[in-house]
Amino acid sequence: MLSTTLLTIGALAAGVDAHFRLLQPTWRGSSFVEPASQWIYPCANVNETTDNANRTLWPPSGGSLVINGSHPHALTAVNLALGSNATNFNISLVEIFNQTGVGLFCLKEAGKANLDAGFKAAGYSGLNDSRIEGLQATVQVIQLGHSGSALYNCADIRFNSTAQLLADDKCQNSTGVSGVAIENVDTNSSQSGSTTPAKSSSAASALSPAVGSSLLAGLLAWGLL
Ligand SMILES: *[C@@H]1O[C@H](CO)[C@@H](O)[C@H](O)[C@H]1NC(C)=O
Ligand SMILES: *[C@@H]1O[C@H](CO)[C@@H](O)[C@H](O)[C@H]1NC(C)=O
Ligand SMILES: *[C@@H]1O[C@H](CO)[C@@H](O)[C@H](O)[C@H]1NC(C)=O
Ligand SMILES: *[C@@H]1O[C@H](CO)[C@@H](O)[C@H](O)[C@H]1NC(C)=O
Ligand SMILES: *[C@@H]1O[C@H](CO)[C@@H](O)[C@H](O)[C@H]1NC(C)=O
Ligand SMILES: *[C@@H]1O[C@H](CO)[C@@H](O)[C@H](O)[C@H]1NC(C)=O
Ligand SMILES: *[C@@H]1O[C@H](CO)[C@@H](O)[C@H](O)[C@H]1NC(C)=O
Ligand SMILES: *[C@@H]1O[C@H](CO)[C@@H](O)[C@H](O)[C@H]1NC(C)=O
Ligand SMILES: *[C@@H]1O[C@H](CO)[C@@H](O)[C@H](O)[C@H]1NC(C)=O
Ligand SMILES: *[C@@H]1O[C@H](CO)[C@@H](O)[C@H](O)[C@H]1NC(C)=O
């Protein structure tokens with residue numbers, strides 16, 4: 001008997017090629033050109049930016065994020081690793097959500113809800129800690145692909161409290177593009193016939209921390225994230 005978790009993963013797999021572009025912050029380099037490959041963890045096999053001046057300046061309270069998606073919907077997460085050449089993307093800027101629609105998707109202040117806690121977990125006093133000014137970091141955007149495996153893109157940033165958010169005309173969702181909560185499925189596999197989705201309330205809740213936690217637990221259990 002298939003567990004509902006497996007059924008859920010099957011439901012996620014609804015397309016062949018969900019490659020995407022990370023437009024803001026500026027990605028390390030194109031991940032469409034070999035030897036880069038968006039399938040390769042953690043940063044699509046694109047090397048870290050060596051020129052400090054080429055890192056996008058980001059406010060410590062959260063910066064603008066723009067992706068250009070090619071898929072009608074893709075589960076998406078945004079993470080951060082502090083430091084240079086870091087491989088530990090353990091600060092969750094935006095918890096996993098369902099990015100819907102093909103085209104441009106923009107969050108004006110990605111990470112606003114989570115950065116202060118992330119800095120604290122890393123030993124800073126919070127987002128106003130003076131040591132964060134000029135600190136290097138890497139933003140990682142993940143979209144789940146066809147088979148449940150993941151696509152990656154990274155952008156190298158520098159935190160700078162004078163950094164500006166994108167202007168409104170440069171931060172827009174294309175028509176029909178949005179982000180919604182994951183439709184949770186009861187992952188209690190001992191309970192047959194429990195596939196009724198418990199649809200989360202609204203798009204407004206899409207980017208809140210608790211969204212999709214039981215689905216996420218299911219994915220983690222399968223080692224997919
Ligand atoms: C990436 O870094 C590795 C190791 O330093 C190096 O061998 C490789 O040439 C670099 N790739 C590019 C495209 O610069
Ligand atoms: C830095 O950015 C400039 C302008 O986009 C570009 O010409 C240059 O190649 C970049 N440097 C590196 C090391 O990527
Ligand atoms: C987004 O991707 C589409 C399809 O590849 C392309 O036509 C469009 O120009 C891209 N938009 C931007 C702003 O890069
Ligand atoms: C980055 O990390 C890789 C893998 O740990 C290592 O081989 C490389 O020398 C590091 N590069 C720098 C500039 O520290
Ligand atoms: C992330 O990893 C770094 C380095 O290993 C560690 O110092 C920090 O506490 C971790 N942060 C979280 C939120 O787990
Ligand atoms: C950081 O400093 C700004 C300006 O002084 C203040 O408005 C904000 O509340 C502070 N944030 C935190 C988390 O301490
Ligand atoms: C922050 O950005 C401003 C404007 O680009 C620059 O003058 C300043 O040196 C930066 N601060 C740090 C710590 O990099
Ligand atoms: C794009 O859609 C997401 C999800 O609905 C939303 O949080 C975000 O604010 C939208 N972006 C803009 C610029 O309105
Ligand atoms: C994501 O949204 C699409 C479009 O509304 C929907 O078909 C799909 O089932 C959703 N996926 C999840 C896991 O919520
Ligand atoms: C899972 O479902 C079984 C059968 O309905 C029930 O006995 C059990 O309490 C459920 N477990 C959880 C954690 O909900």
Side-chain angles (χ1 to χ4, degrees), residues 4-15 17-27 30-32 38 59-62 64-77 95-106 109 111-121 124-133 141-148 150 153 155 159-163 166-167 169-187 195-203 205-207 211-219 222 224-225:
T4 51
T5 302
L6 263 184
L7 292 174
T8 302
I9 289 167
L12 303 180
D17 188 347
H19 282 48
F20 67 102
R21 288 168 194 278
L22 177 55
L23 302 179
Q24 183 68 31
T26 306
W27 63 3
S30 175
S31 54
F32 284 83
Q38 290 187 19
S61 52
S64 301
L65 181 99
V66 182
I67 66 176
N68 192 353
S70 66
H71 196 259
H73 54 92
L75 296 192
T76 303
E95 282 85 2
I96 194 161
F97 67 101
N98 189 359
Q99 192 263 300
T100 57
V102 174
L104 300 177
F105 175 84
C106 182
E109 281 186 281
K112 189 178 176 66
N114 299 331
L115 269 165
D116 192 53
F119 285 130
K120 283 176 176 155
Y124 296 90
S125 63
L127 55 84
N128 285 346
D129 191 318
S130 60
R131 293 174 295 164
I132 289 168
E133 196 64 17
V141 182
I142 306 174
Q143 290 205 319
L144 292 196
H146 173 58
S147 59
N153 272 312
F159 285 108
N160 188 311
S161 55
T162 68
L166 284 183
D169 64 338
K170 296 217 160 58
C171 177
Q172 288 174 352
N173 293 333
S174 299
T175 305
V177 172
S178 185
V180 297
I182 292 168
E183 290 178 18
N184 261 318
V185 176
D186 186 342
T187 52
T195 51
T196 314
K199 191 168 184 174
S200 297
S201 52
S202 69
S205 69
L207 307 179
V211 161
S213 55
S214 80
L215 172 60
L216 185 54
L219 292 171
W222 283 89
L224 290 175
L225 294 182

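Every number for a ligand or one of its atoms is a count from 1 in the order of the listing.
- Nearest protein neighbour of atom 11 (N) of ligand 6, counting heavy atoms only, is N128 ND2, 3.1 Å.
- Among the atoms of N98, some N or O lies under 3.5 angstrom from an N or O of ligand 9.
- In this structure, atom 9 (O) of ligand 3 has no protein heavy-atom contact shorter than 4.0 Å.
- Although no hydrogens or angles enter the test, the distance criterion places no donor-acceptor pair under 3.5 Å between the side chain of Q38 and the main chain of N153.
- Contact record, C106 with N173: N-OD1, 2.8 Å, taken as the closest heavy-atom pair.
- When the side-chain hydrogen bond (donor to acceptor under 3.5 Å, both in side chains) test is applied to T162, the partners found at least two apart in sequence or on another chain are N160.
- The six-membered or imidazole ring of F97 lies near that of F105, with a centre-to-centre distance under 6.0 Å.
- Of the protein's non-hydrogen atoms, the one nearest atom 3 (C) of ligand 3 is N68 ND2, 3.7 Å.
- Atoms of ligand 9 found under 4.0 Å from any heavy atom of E183, numbered from 1 in the order shown, are 12 (C), 14 (O).
- For atom 1 (C) of ligand 3, a protein non-hydrogen atom is found at a distance below 4.0 Å.
- Protein heavy atoms come within 4.0 Å of atom 14 (O) of ligand 6.
- Minimum interatomic distance between S64 and P25 (heavy atoms only, all atoms of both residues): O-CD, 3.6 Å.
- At a distance under 4.0 Å, no protein heavy atom can be found next to atom 5 (O) of ligand 3.
- On a distance-only criterion, D116 and ligand 6 share no N/O pair closer than 3.5 Å.
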Stepwise side-chain contact (heavy atoms from CB on, under 4.5 Å) test for V177 and Q99: CA-CA 8 Å; V177 172; Q99 192 263 300; 3.7 Å; yes
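- For the pair S70 (side chain) and H19 (backbone), a donor-acceptor distance under 3.5 Å is present.
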